[in-house]
Amino acid sequence: MNGLTLAALYFLVASGFTLVFGLMRNVNLAHGSLYLLGAYIGFAVQELTGSWVLAAGAGFFSMAILGLLMQVCIFRHMEGQELRQTLVTIGISIILADFMLAVWGGETYQFELPDMLYGITRLPVIKIYTTYRLFILGTAVVIGLLLWFFLNRTQVGMKIRAGVADKDMLAATGVNVHRLFAIVFAIGAGLAGFAGVVGGSALSISPGEDLRYLLASLVVVIVGGMGSVGGAALGALLIGLAEQFGLAYSPTYGVVYTFIIMVLALAFRPQGFFGGKA
């Protein structure tokens, strides 16, 4: 269960990265910073209002706005230039990391959970388990289903996939491709901020968490397949279970299992489990 709930958290972070990097091919290495900044902003909102729901909303919408600005001001002018995108977003992540350190310091913060999510829940086989971790698992399932439905069963989702495949052809039909891509980027960034509040409530908020979740998102997308929501779910499941079993049975080398999975995926299926042909 720890592996499943950790996988759910990784999926929440990687789902936004799947939209931005896997689907749109925008190399946003500041995605982990969006996760951590969304968590800090959510924590500040909870301190002011006492509401965890408002904190989660603030994490989502603040990062959605920041993601929208990034897409309009930066990525729109560097389409197809992966190296420039990589270098610029590394610079943005460094700036954001220093900004967060200056504002919130090097302390560790913890969200205060709502009463309905606090405590334990009785289960048939496991007897008892943390209620909030079950909430994370349920949230990841709901968001995954909504994303799949949005991308595969709505007109907007079909336009997004068509724009990724042939942007010029979609623009010729009268669709505002730039506006469409800006909306997708905003949703991806917002999901990172929302995941920051959810993850910060389960674990904690501290400097360095941005790099951890950026790395996890990269591995999940590589293993699962570029632009695939189902692939992101499978990748997160493999990584979450491997990390937890590694910590339980070989703590010294627990982190190595994650990279073994990635290496095997790149060696035998470089396009990922649910990716298209390489």
Side-chain angles (χ1 to χ4, degrees), residues 10-38 60-97 143 147-148 150-151 156-171 175-196 210-211 213-229 231-232 235-236 270-272 274-276 278:
Y10 283 163
F11 174 77
L12 287 176
V13 187
S15 59
F17 197 65
T18 297
L19 292 176
V20 174
F21 176 56
L23 184 62
M24 297 171 56
R25 301 298 192 266
N26 283 338
V27 186
N28 180 21
L29 295 188
H31 191 78
S33 299
L34 298 179
Y35 168 92
L36 187 57
L37 182 58
F60 178 87
F61 286 108
S62 61
M63 291 305 99
I65 293 171
L66 180 57
L68 182 64
L69 293 174
M70 288 175 62
Q71 206 285 328
V72 172
C73 300
I74 298 174
F75 283 95
R76 183 172 296 182
H77 306 287
M78 297 188 301
E79 292 181 358
Q81 303 178 46
E82 289 82 5
L83 180 58
R84 287 186 65 190
Q85 293 174 1
T86 301
L87 295 175
V88 168
T89 52
I90 288 175
I92 292 173
S93 66
I94 294 172
I95 293 171
L96 289 178
I143 288 181
L147 278 177
W148 179 87
F150 172 69
L151 291 174
V156 177
M158 293 177 185
K159 290 177 181 178
I160 291 169
R161 290 185 287 117
V164 173
D166 195 331
K167 182 181 66 175
D168 295 331
M169 183 63 71
L170 182 64
V175 176
N176 190 328
V177 178
H178 289 303
R179 181 190 302 170
L180 194 66
F181 280 9
I183 293 173
V184 176
F185 202 105
I187 293 174
L191 286 173
F194 174 75
D210 49 348
L211 295 177
Y213 286 98
L214 171 63
L215 181 60
S217 298
L218 280 169
V219 175
V220 166
V221 172
I222 290 171
V223 173
M226 302 281 278
S228 171
V229 176
Q271 71 269 33
F274 285 85

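Model, not experiment: these values are computed from the prediction.
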Taking only residues two or more places apart in sequence, or in another chain, which ones meet E79 in a salt bridge (charged side-chain N to carboxylate O under 4.0 Å, His left out)? K167
For a quick test of reading the model, state the closest non-hydrogen atom pair linking A236 to Y10 and the distance between them. CB-CB, 4.1 Å
Those residues at least two apart in sequence (or on a different chain) that pass side-chain hydrogen bond (donor to acceptor under 3.5 Å, both in side chains) with Q81 are R84
Check whether any side-chain heavy atom of Y213 sits under 4.5 Å from a side-chain heavy atom of L36, and report yes or no. no
Shortest non-hydrogen contact from H31 to V13? NE2-O, 2.9 Å
What's the shortest heavy-atom distance between A14 and V220, and which atoms? CB-CG1, 3.6 Å
Are there more than 12 heavy atoms of other residues, nucleotides or ligands under 6.0 Å from atom CE of M169? no
So which atom in L191 and which in S15 form the shortest heavy-atom distance, rounded to 0.1 Å? CD1-OG, 3.7 Å
Minimum side-chain heavy-atom gap Q271-M226 below 4.5 Å: no
Donor-acceptor contact below 3.5 Å, side chain Q85 vs main chain M78: yes
If you look at every heavy atom in I187 and F60, which pair is closest and at what distance? O-CE1, 4.3 Å
Stepwise, does the side-chain contact (heavy atoms from CB on, under 4.5 Å) test hold for L218 with F17? CA-CA 8 Å; L218 280 169; F17 197 65; 3.6 Å; yes
Do F11 and T18 have side chains that get closer than 4.5 Å, going by heavy atoms? no
Would you say that V27 contacts F21 through its side chain, given a criterion of any heavy-atom pair below 4.5 Å between the two side chains? yes
I143 side, atom CD1; F194 side, atom CZ - distance, nearest 0.5 Å: 4.5 Å
To the nearest 0.5 Å, what is the distance between CG (L66) and CG (L34)? 5.5 Å
To the nearest 0.5 Å, what is the distance between CG on L211 and CG on L29? 10.5 Å
Side-chain atoms of residues 90-97: list all donor-acceptor pairs with protein atoms under 3.5 Å, sequence neighbours left out, distances to 0.1 Å.
from	atom 1	to	atom 2	distance (Å)
S93	OG	T89	O	3.4
S93	OG	I90	O	2.6

More than 12 heavy atoms from other groups under 6.0 Å of CZ on F61: no
Compare all side-chain heavy atoms of N28 with those of F185 and state whether any distance is below 4.5 angstrom. yes
Could you tell me which non-hydrogen atom of H77 sits nearest to which non-hydrogen atom of V72, and how far apart they are? NE2-O, 3.5 Å
Criterion side chain to side chain contact (heavy atoms under 4.5 Å, CB included) against V156, the qualifying member of I183, L180, V175, L151: L180
